[in-house]
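Have a look at the structure below before the remarks.
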Amino acid sequence: MSDQAIVEKIKAKFSSEVLGVVEFRGETTITVNKGQIVEICTFMRDKLGYNFLCDLCGVDYLGKSPRFMVVYNLYNITTKQRIRIKAPVDEQDANIDTVSTVWGTANWHERECWDLMGIEFNNHPDLRRILMPADWEGHPLRKDYPLQGPDREPYQGRLS
Amino acid sequence: MGVEETQEPKTLGSGFITTSLDKLVNWSRASSMWPLTFGLACCAIEMMATGAARFDLDRMGILFRASPRQADVIIIAGTVTKKMVPVIKTVYEQMPEPRYVIAMGACASSGGIFDTYSTVQGVDEFLPVDVYIPGCPPRPEGLLYGLMKLQDKIRAERNTFGAAIGVGDVIHNKA
């Protein structure tokens, strides 16, 4: 089944949820609303055979609205096909439903995404920090987080 | 006409030498600095190379120990993240005194290229460092030179034994 056919199947099933489809250098990216992300992911796994979640990450488009994008890189082990799903997340309402019920590996990926980006995952079984120390404040991979930490003078450029 | 009996000059024999306690203590400490097997990043690879056959730390009495209880030196070999600080502190506190710290490489000395929120800008923010070794990473020769510098420092110490049993304080001379 070609990527085109897969996109058509998703569009047929979730017509109101698909915001856009981009094909670039043989990679297909489907942007969807975050509301039914769990249903879409379950459909991708059960009906389209995307049985492996390669990666789940967050992107910070500071200055744009909505600010964040949660990206799901999926892989079909049987047909060796890849597809990417993106869901925009607003800064004021920075949360999205967990897909750890769909792919178990999403559990830690979502913890990382919350730890570094500050995007909350609703109904996550164990949403705590995974990379930063447990008592860390803030989410350091956000674009507006000071690179050298909040307790230091920002870098002024080379003095010499 | 009598043959006088030749008398052995009265000596103490040849079974001992005399020295100062400082020299004896410092000699034994400088000749058996046992570092902790503890690496954090790429500097640890150079540290392993220094310990292996080509550079052979064993010939200097430097044997890596797997337990902080048996170690005299901790070589901070690599980038120290803020999350690692409590671990290093615990390991350091588990070492028996006298204990020494070597900051190996740019990261351990100053944070190196990692001028970021998650990296400690030099291990001297929370440990008393004796020797800083520059380099990214330092070659094994650099680590050897740093260890010899620490030996010089140990040899220059005075009254460490006395201070340990409660007689006076340690006198730190410049090596």
Side-chain angles (χ1 to χ4, degrees), chain A residues 55-63 67-71 89 91 94 105 107-121 124-160, chain B residues 36-45 68 74-95 101-129 132-138 142:
Chain A
D55 195 11
L56 186 160
C57 46
V59 187
D60 183 358
Y61 296 102
L62 182 64
R67 179 174 165 183
F68 299 107
M69 198 76 91
V70 178
V71 185
V89 173
E91 185 178 4
T105 189
N107 186 322
W108 281 20
H109 282 128
E110 287 175 347
R111 279 177 64 187
E112 182 190 8
C113 188
W114 174 76
D115 188 0
L116 300 176
M117 276 293 179
I119 299 166
E120 278 187 44
F121 290 86
H124 192 280
D126 182 28
L127 196 63
R128 59 195 165 90
R129 289 192 182 275
I130 188 168
L131 292 174
M132 302 306 294
D135 58 349
W136 193 267
E137 282 175 22
H139 304 284
L141 236 52
R142 285 190 172 192
K143 295 277 185 193
D144 54 0
Y145 192 90
L147 175 63
Q148 288 152 312
D151 52 342
R152 277 182 62 196
E153 288 280 313
Y155 181 59
Q156 301 290 341
R158 279 185 65 168
L159 299 173
S160 57
Chain B
L36 184 62
T37 315
F38 186 68
L40 294 170
C42 31
C43 278
I45 306 293
I74 182 167
I75 301 173
I76 309 292
T79 318
V80 182
T81 57
K82 285 180 182 167
K83 203 175 178 181
M84 201 66 193
V85 168
V87 180
I88 297 175
K89 266 189 183 168
T90 307
V91 165
Y92 176 75
E93 282 160 10
Q94 284 173 335
M95 288 164 58
V101 179
I102 292 179
M104 179 182 181
C107 291
S109 301
S110 69
I113 58 167
F114 301 105
D115 193 4
T116 62
Y117 58 89
S118 59
T119 310
V120 178
Q121 300 301 301
V123 76
D124 50 7
E125 285 186 9
F126 62 95
L127 284 187
V129 177
Y132 298 86
I133 303 172
C136 186

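The sequence lines fix the lettering, A, B, ..., with proteins before strands; numbering per chain opens at 1.
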Measure from the side-chain N and O atoms of K83(B) to the backbone N and O of L131(A), and report whether any donor-acceptor pair falls under 3.5 Å.
yes
M132(A) CE to Y117(B) OH distance, which is reported to the nearest 0.5 Å
5.5 Å
Option in A134(A), P146(A), P140(A) with maximal non-hydrogen atom pairs under 4.5 Å from chain B:
P140(A)
I would like to know whether Q121(B) and R152(A) meet side chain to side chain contact (heavy atoms under 4.5 Å, CB included); could you show each step before the answer?
CA-CA 11 Å; Q121(B) 300 301 301; R152(A) 277 182 62 196; 3.5 Å; yes
